[in-house]
Asker: 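One structure is given below, represented as structure tokens, and several questions about it will come after.
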Amino acid sequence: ASVLSVAAACSASVDSTHVAGAAAAGVVVTLASDGGVSETVPVRVWFPVSANVSIEASTIPPILGLNRSASGACTGSAGDEGLGDVHPAYARAPVRLLAAFAYDGTVA
């Protein structure tokens, strides 16, 4: 499985297409100014293996008289037909995400 992508501009990235970690993913680095000498550099790639999301509020009530359109813009009227898809705006509450990461199947 691919664990990271490396671009020609010398940047490494991970995204949703990468589905695993690695203790030592080999990235080939070439020094063009030295006659094209290449070396494989080991890169440790951590991958989330589990996540727990918690919210500090037991309920998050809608804010009376305040609505939000699908684009995210706020409006003061629930009956504003010109905004199309309108939803109630809700109060905010702190959210906590606790995740475990691994690079070789061993949770750290």
Side-chain angles (χ1 to χ4, degrees):
S2 174
V3 296
L4 78 151
S5 298
V6 179
C10 200
S11 63
S13 64
V14 294
D15 60 28
S16 62
T17 64
H18 303 99
V19 296
V27 175
V28 177
V29 177
T30 303
L31 184 59
S33 65
D34 195 16
V37 174
S38 296
E39 185 65 38
T40 300
V41 177
V43 176
R44 179 161 291 165
V45 180
W46 292 88
F47 186 80
V49 292
S50 67
N52 181 17
V53 178
S54 62
I55 188 164
E56 291 185 17
S58 59
T59 60
I60 304 175
I63 301 171
L64 296 176
L66 184 62
N67 294 285
R68 189 173 297 277
S69 69
S71 68
C74 287
T75 172
S77 172
D80 190 346
E81 301 297 327
L83 291 175
D85 194 13
V86 177
H87 305 282
Y90 287 85
R92 293 183 181 185
V95 175
R96 183 183 331 225
L97 172 67
L98 181 62
F101 288 81
Y103 57 85
D104 62 357
T106 304
V107 176

Asker: List the residues meeting side-chain hydrogen bond (donor to acceptor under 3.5 Å, both in side chains) with S16, not counting sequence neighbours, and say none if there are none.
Answerer: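 Partners of S16 under the side-chain hydrogen bond (donor to acceptor under 3.5 Å, both in side chains) test: none.
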
Asker: Which residues pass the side-chain hydrogen bond (donor to acceptor under 3.5 Å, both in side chains) test with T40, not counting sequence neighbours?
Answerer: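 By the side-chain hydrogen bond (donor to acceptor under 3.5 Å, both in side chains) rule, T40 matches no residue at all.
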
Asker: Run the side chain to side chain contact (heavy atoms under 4.5 Å, CB included) test against E39 and tell me which residues pass, sequence neighbours left out.
Answerer: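 Scan of E39 (side chain to side chain contact (heavy atoms under 4.5 Å, CB included), adjacent residues dropped) gives none.
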
Asker: Identify the two heavy atoms, one from V53 and one from L97, that lie closest to each other, and give their separation to 0.1 Å.
Answerer: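 Heavy atoms of V53 and L97 come nearest at CG2-CD1, 3.5 Å.
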
Asker: Please list all pairs passing the salt bridge (Lys or Arg N to Asp or Glu O under 4.0 Å) test where one or both residues lie in residues 51-60, with sequence neighbours left out.
Answerer: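 As it turns out, the salt bridge (Lys or Arg N to Asp or Glu O under 4.0 Å) pairs with a partner in residues 51-60, which skip direct neighbours, are E56-R96.
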
Asker: Using 0.5 Å steps for rounding, measure from the CZ atom of F47 to the CZ atom of F101.
Answerer: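 Between F47 CZ and F101 CZ, I get 9.5 Å after rounding to 0.5 Å.
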
Asker: List the atom pairs, donor and acceptor, that lie under 3.5 Å between side-chain atoms in residues 17-29 and the rest of the protein, sequence neighbours left out.
Answerer:
residue : atom : partner : partner atom : Å
T17     : OG1  : D15     : OD1          : 2.5
H18     : ND1  : D15     : N            : 3.0
H18     : ND1  : D15     : OD1          : 3.2
H18     : NE2  : S5      : N            : 3.4
H18     : NE2  : S5      : OG           : 2.9

Asker: Checking L98 now: which residues fulfil side chain to side chain contact (heavy atoms under 4.5 Å, CB included) with it, not counting sequence neighbours?
Answerer: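 With sequence neighbours excluded, L98 shows a side chain to side chain contact (heavy atoms under 4.5 Å, CB included) to no residue whatsoever.
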
